[in-house]
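In what follows, a structure is listed as structure tokens, so that the remarks can point back to it.
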Amino acid sequence: MGFNYKVITRRQYAWIMLILALLPIFLPISLPITIGPYTKDFYNEINNLKKGDYVIYWACYDQGHHQRTWTLFRSIVWQMADKGVKIVFIPFTPTAPGSLRELKTLVNLEAHNGYKYGVDYVMLPYIGNDDAALSSMGKDMTVFQKDLFDAPLEQLPIMDGIKTVANVKLVFEYPQDFTFPEMLMRQWPSINPNLRVIEGRLYSLVTPWYGKYVFGALDGARGGAEYQQLTYPGELLKTIQSRNLVTLWIFASVVLANIVSPKKPINSVRMP
Amino acid sequence: MNEFELICLTIGLILTIFSFSYPFFGVSKPFSFAEHLGIGGTAAVSILTLYATFQGFFTNVSKGQWTLLIPIAIGALSFARLTKYKWLANYPIAIMTGVGMGLVFGTTITKDIISQIQGSISDFSKWIPDPISSVLMFFTAIFVMLYFFYSRRISEDIHTGRAKLLGTIARFLIFATLGNLYAKVLVYDGLDYGLTAFLVAYVRRSVDLILAYFGIILPF
């Protein structure tokens, strides 16, 4: 038992692990990833949208989540844009407006498929007061008055087609904790009983409503990686590929060690 | 990005890689260099922060906020440990310990004990997430708690007496739980967040920024 230095030294083992971890991050190594049912649902919900449908991108996350997961948000927004839908970005935490401004640059919908701000997508400002804000914006979108960049909503053609949440085909949410989905389910289904939501962070946050109001979920980093495998590759896919490769090496080395290492009969080990 | 930012980014990347070499290669010259630099920098920042705090303190006291003198006096007693009146340093420690325990104790009872009991019974009664899992989770909680009773009168039967089967079942449930926890720590905490997320966020992004400065965009 223990590390067998005749076969491989600890330093060599560490180098192999490091190289295997780095490979998928810099090179496109496509290890097979099984796509889970919730990810398929998530993908199909966006895929079933039609040109001109309205989608709300409900950003209820903080800067930390944005920094870690912006490539996932890019993949989601790009898939929505590929369907030709109108995207309304609504920040719901104090730091989300800053994240959305940065996301606008990172996603660059203008370069991706010629989207125009104010016509095909819009970013609205942050309104505090949680449930009250959610209820008022759900009943009347003019509560915003201006967009995130202080342009009056009357000047933005996209807002002509969305007056309440009843005009919305799909809501994408990425909550930073469980209180946000609960808030959403308390307020918006009463305005739009046919509400359809897709969850971007964890399936466990929306389990009670799955199948009723929630019709797709990306479960953690793995779910995000599965989604990026289906759509546009990003950092989550690289992370999971790297993890899978290192885990395979660990399993393989455990199996090899049991084959290669000399075995001692159990009876030969003397107990103290 | 300008040249100064590029240089800082490159130095930062190199130091990060040096620091991260520890889990793989142990203590080495590059790691020691980065570690000493980090500790020295942290100490310098702490001193500057302390200086800024005291500046703010004197400003506020001069504006009439005399109550700030109380926590300053209590904190200053800590330095009595360097004098012959060492016993004075016990007061700030006692106050901090008491306040900390008071803050933690109340929330711990609610969060870690009562809500866990409520959750276990509630999930079992409603068969969440499904009947088999809820029964398994409920009885695992009961058996494992019984296994860890350290009372001779109660636990003697469980470990060596008539209820030995219960103890054996509890032991295997603990093995399964620890195995799951170990796998979770290895895969999620160790690999996902510890290794691969670090390499993506700190190494790959930094390399992308450095190459972008020279007009090189990696295809993948």
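Reminder, nothing fancy here: chain letters follow the sequence lines and each chain counts from 1. Computed from a predicted model, the values in this text were never measured in an experiment.
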message: Contact between A/Y174 and A/I198 at the side-chain level, heavy atoms closer than 4.5 Å - yes or no?
response: no
From the list A/L22, A/T239, A/L236, A/I250, the residue making the most non-hydrogen contacts under 4.5 Å with chain B is A/T239
>> Can you see whether A/E173 engages A/Y61 through a side-chain donor-acceptor pair at a distance of less than 3.5 angstrom?
In response: no
Turns out that what part of B/L199 lies under 4.5 Å from chain A's heavy atoms comes down to both
Scored by heavy-atom pairs under 4.5 Å with chain B, the best of A/Q241, A/M17, A/R222, A/E235 is A/E235
| field | Ring-face cation of A/R68 near A/W70 (centre distance under 6.0 Å, axis angle within 45°) | value | no
Would you say the ring centers of B/F20 and B/F198 fall short of 6.0 Å from each other? yes
